[in-house]
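In what follows, chains carry the letters A, B, and so on, assigned in the order in which the sequence lines appear, proteins first and then strands, with residues in each chain numbered from 1.
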Amino acid sequence: MKNNDVVQLLNEMAVLLEIQGTDKFKPKAYSRAARSIASLGEDIEAIAARGELTGIPGVGKSLADKIDAYLKTGSINQLEQLRKEIPVKVRELDAIPGVGPMTMKLLYENLGITDLESLEKAVKEGQLKGLKGIGQKTVDQISEGIQLARAGFGRTLLANAFPIVEGIQASLREIQGVRKITIAGSFRRRKETIGDIDVLVVTDEAEQLMNAFVHLEGVADVLAHGPTKSSVRLASGIQVDVRVLPADSYGAGLQYFTGSIDHNVHVRTIAQKRGLRLSEYGLYRGDEQVAGREEDAIYSAVGLDYIEPELREDKGEIEAAQHHELPKLIELKHIRGDLHTHTDKSDGANSIEEMLDAAARKSYEYYCISDHTKSLTIARGMTEEQILASISEIDEFNSSGRWKMRVLKGAEVDILSNGNLDISDEVLQQLDVVTASVHSKMKDTKEAITDRVCAAIQNRHVDILGHPTGRLLLKRSEYEVDLERVFETARASGVIMELNSHPERLDLNDGNLRAAKRYGLKIAINTDAHRIGELDNMQFGVFQARRGWLEAKDVINTYPLKEMIKLLRK
DNA sequence: GCCGTTTTCGGCCCGACTGTTTTCAGTCG
């Protein structure tokens, strides 16, 4: 997927245009488009192929042409031209906190600095001090920033942010005067990875809170320390921002700090058109506060239905809210079972009984055991004989009455490089749920992988396509696959797409879930649990499903057993 | 460069903090 490349190029152009300084708003338009594409989820090449680039918020005719040019030729003329005029390695310098376009311009024009290396040299030789607006503190900040840029402070998996957030909340709660603590930002929007943690606090003792906050255990660096806004970097690298607001502004603050930025800009523009002004302090007509204490009152005062945080990406949710057409999002309580789980019969850590006991504690109505199959030797995949033995075992479990829920017989079969499955049809037809997944040759061409997947899901025994893009967040990008063709084939064959809930997978992602829904496909939210604790990952799948605008009816494992079975292929 | 219950031109969200300044520009979210 080239989405990230396009994002980087547009961001680079935004900075270069800002350095050029001819038009104040053009760079903003480029950044906006970049953000919009960054949060797409869907493959931008697929969108371009449909000729729908201008359907992306913030992308008009001119940017669509540039993106097209990049996808076709690998370069954008205007960008090459800009790079010639201003040979600053924007992407390198932009990674330094506190250094923006104006600083880059100053450094380039006065000292000829174009990259991290030449900047570091200039700092060491003491050339920076004396430049207009640069004092010792700025030099120190840049010096530290160079190290940070080199270290590359990345994003954090949503699941990994949970314990950090809990720790912060517990510490802040102890501080005198604190009345309310809420985590906003991308964490509240349940994005698959988060860049920082935004904490909103209502307190009677703002100064005391901020002093305590910047001295919390684990704080490595204080980036800002004011009476209403402070910012630190933890030793773990993650940045935490705290905002203090009066109780009367709590709802407005929550709305504002939950974002996303594009969602906020859009809502504020609507407020403006109604003669109102919206900030984190409230919604105002002149000096009079119209709303502010409650978040939902902000939305209703500007004519919008309440928008769930997971939808706040300015991807059509505001228009839907105006027309009372928002989806009624799926919730964890709707889930009646898990259709993709492992045991120690393949590469799981727990026995089948241990997994079933744990699943039963979740009051599931059904639960499917789906261990790997033989060609995945690294996972000790099961042979046909072993699967047959496991089928008898599960039959016995079901008749024993030991577990109230129905135990379903399944397998996660391997899609071989020729598109065949590694288990015979005779065995597959005896299973209740067959999930087919790609685990090998992920670097094949797009055409080869797409052919392979499409061939596999046309096998009439396949019910679910497992983790359809194979990505591992922050580790491995998705394999090249034409999802449109896969969705088309799945629709024709009645195959269900998996939303794998593992925090590193969350595959399909939000944008692709929406695309799958457009194709009329049903989704199965599964944990792919390899140990008891991972059964709890179901919540992350549900978060992602919500970001993909899914309702309970779109997800097969929200249906009662009999209806769910009917939704599977015959 | 984008965009439209003020529309195809003329707008473009809003505020906090910092460092370097005597009133503000730059950066960030």
- prompt: B/dG26, B/dG1, B/dG29: which one has an atom nearest the side-chain heavy atoms of A/D241?
  reply: B/dG29

- prompt: Out of B/dG26, B/dC13, B/dT18, which nucleotide sits closest to the side chain of A/A224?
  reply: B/dT18

field: Worked check of side chain to side chain contact (heavy atoms under 4.5 Å, CB included) between A/L131 and A/L107
entry: CA-CA 8 Å; A/L131 288 181; A/L107 294 173; 4.1 Å; yes

A/K129 NZ to B/dG19 P, straight-line distance once rounded to whole Å: 14 Å

- request: Measure from the ring center of A/F187 to the ring center of A/F543 and say whether it is less than 6.0 Å.
  value: no

message: A/F162 vs A/F540, test: ring-ring contact (aromatic ring centres under 6.0 Å, His included). Steps then yes/no.
response: CA-CA 11 Å; A/F162 269 77; A/F540 298 112; 5.7 Å; yes

field: From B/dC17, B/dA16, B/dC14, nucleotide with atom closest to A/R243 side chain
entry: B/dA16

query: If we take the C1' atom in both B/dT21 and B/dG26, what is their distance in whole Å?
result: 13 Å

query: If you pin A/L63 and A/K132 to their nearest nucleotides in DNA chain B, which one's is more 5'?
result: A/L63

- prompt: Looking only at atom P, what distance separates B/dC9 and B/dG15, rounded to whole Å?
  reply: 31 Å

query: So what does A/I134 touch, heavy atoms closer than 4.0 Å: a base, only the sugar-phosphate, or nothing?
result: sugar-phosphate

- prompt: Between A/R547 and A/E313, does at least one N-O distance fall below 4.0 Å, as a salt bridge requires?
  reply: yes

query: With respect to the phosphate group of B/dT20, does any side-chain polar atom (N or O) of A/Q136 fall under 4.0 Å of OP1 or OP2?
result: no

message: If you compare every side-chain N and O of A/Y284 against the phosphate oxygens of B/dG15 (OP1, OP2), does one of them come in below 4.0 Å?
response: no

task: Between B/dG1 and B/dT5, how far apart are the P atoms? Round to whole Å, please.
output: 23 Å

- prompt: If the C1' atom of B/dG10 is compared with that of B/dT6, how far apart are they to the nearest Å?
  reply: 11 Å

B/dA16 to B/dC3 separation - C1' atoms, rounded to the nearest Å: 29 Å

- prompt: Just checking A/K105: base, sugar-phosphate only, or nothing, at a heavy-atom cut-off of under 4.0 Å?
  reply: nothing

- request: Output yes when at least one side-chain N/O atom of A/T138 is less than 4.0 Å from OP1 or OP2 of B/dT18, else no.
  value: no

query: In whole angstrom, what separates A/I194's CD1 from B/dG29's P?
result: 13 Å

field: Value in whole Å for how far the P atom of B/dC14 lies from CG of A/D262
entry: 15 Å

- request: Dump the intermediate steps for side chain to side chain contact (heavy atoms under 4.5 Å, CB included) on A/I67 and A/I37, then the final yes or no.
  value: CA-CA 11 Å; A/I67 294 166; A/I37 292 162; 3.8 Å; yes

query: Which part of the nucleic acid, if any, lies within contact of A/R32, taking any heavy atom under 4.0 Å across all strands shown: a base, the sugar-phosphate backbone alone, or nothing?
result: nothing

- prompt: OP1, OP2 of B/dA16 versus side-chain N and O of A/K229: anything below 4.0 Å?
  reply: no

- prompt: For atom C1', what is the distance between B/dA25 and B/dT20, given to the nearest Å?
  reply: 9 Å

- prompt: Given B/dT27, B/dC13, B/dC17, which nucleotide is nearest the side-chain atoms of A/T103?
  reply: B/dT27

field: B/dG15 phosphate, OP1 or OP2, under 4.0 Å from A/R268 side-chain N/O
entry: no

query: In whole Å, what is the span from the CG atom of A/L245 to the C1' atom of B/dA16?
result: 11 Å

Nucleotide opposite B/dT18 in a Watson-Crick or G-U pair, distances under 3.5 Å: B/dA25

- request: Using the P atom on both, measure B/dT23 against B/dG29 and round to a whole Å.
  value: 29 Å

task: Grab the CD1-P distance between A/I142 and B/dG19 for me, whole Å please.
output: 12 Å

task: May I ask you to check whether A/K66 and A/S62 show a side-chain donor-acceptor distance below 3.5 Å?
output: yes

message: Just to be sure I understand the rule, does A/P101 reach a base, reach only the sugar-phosphate, or reach nothing, if contact means heavy atoms closer than 4.0 Å?
response: sugar-phosphate

Evaluation steps, side chain to side chain contact (heavy atoms under 4.5 Å, CB included), between A/Y108 and A/K105: CA-CA 5 Å; A/Y108 171 60; A/K105 182 182 172 130; 5.9 Å; no

message: From C-beta outward on A/Y281, which listed nucleotide comes closest to its side chain: B/dC12, B/dA16, B/dG1?
response: B/dA16

statement: Assert: residue with more 5' nearest nucleotide on DNA chain B, out of A/H225 and A/K273, is A/K273

- prompt: Quick one: is B/dT27 close enough that its OP1 or OP2 comes under 4.0 Å of any side-chain N or O from A/Q141?
  reply: no

- line: Between CD1 of A/I298 and P of B/dC13 the distance, given in whole Å, is 18 Å

query: Nearest-Å distance, CG (A/L223) to P (B/dG19)?
result: 11 Å

query: Roughly how far apart, to the nearest Å, are B/dG11 and B/dT22 at atom P?
result: 32 Å

query: Does the aromatic ring of A/Y256 sit over the six-membered base ring of B/dC14, closer than 5.5 Å centre to centre and tilted less than 30°?
result: no

message: So A/V59, base contact, sugar-phosphate only, or nothing? Heavy-atom distance under 4.0 Å.
response: sugar-phosphate

Distance below 4.0 Å between A/S230 side-chain N/O and B/dC17 OP1 or OP2: no

field: A/S62 vs B/dG1: side-chain N/O to OP1/OP2 distance below 4.0 Å
entry: yes

field: Charged N-O contact under 4.0 Å between A/E295 and A/R312
entry: yes

- request: In whole angstrom, give the distance that lies between atom NZ of A/K61 and atom C1' of B/dG1.
  value: 13 Å

- request: Please check the phosphate of B/dC17 (OP1 and OP2 only) for any side-chain N or O of A/S231 closer than 4.0 Å.
  value: no

